[in-house]
Amino acid sequence: MGVEHGPVTADAARAVENAHAWFEANSGWAPPDPDELLEWLGDGVCRCPDDCLVEPHSWCTHGLASWYLILRSLDG
Ligand SMILES: [Zn+2]
């Protein structure tokens, strides 16, 4: 799967899948500290794995889910 540009992601589940694919390609599994995540959420924002700033329940224009969505999906 190639990297696509623009808001091509359909939903949060797909964005989380995209993020995991991104980790495999970038060896980028570096989740934020819980304190850092809480600080972002307190500001009404969240970072994505590629450092884009988005709303907590959203994903960036590269289709990567926010850390909030990724970590929540791991909690099951
Ligand atoms: Zn991005």
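Since the model is a prediction, treat every value here as computed from it, not as a measurement. Numbering of ligands and ligand atoms starts at 1, following listing order. Sequential numbering from 1 along the given sequence is applied to the chain's residues.
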- For the Zn ion (ligand 1), decide whether D51 has an N, O or S atom at a distance under 2.8 Å. no
- Item | Criterion side chain to side chain contact (heavy atoms under 4.5 Å, CB included) against C46, the qualifying member of S66, P32, C60, S58 | S66
- Aromatic rings W29 and H20: how do their planes relate, parallel, tilted or perpendicular, breaks at 30° and 60°? parallel
- Message: I want to check something: taking the side chain as every heavy atom from C-beta on, are L71 and P31 in contact at a cut-off of under 4.5 Å?
- Response: yes
- Out of the N/O/S atoms in H62, what is the name of the one closest to the Zn ion (ligand 1)? ND1
- Item | Side-chain heavy-atom pair P49, F23 within 4.5 angstrom cut-off | yes
- the Zn ion (ligand 1) has as its nearest N, O or S atom from D50 the atom OD2
- Item | the Zn ion (ligand 1): angle it makes with SG (C60) and SG (C52), nearest 10 degrees | 120°
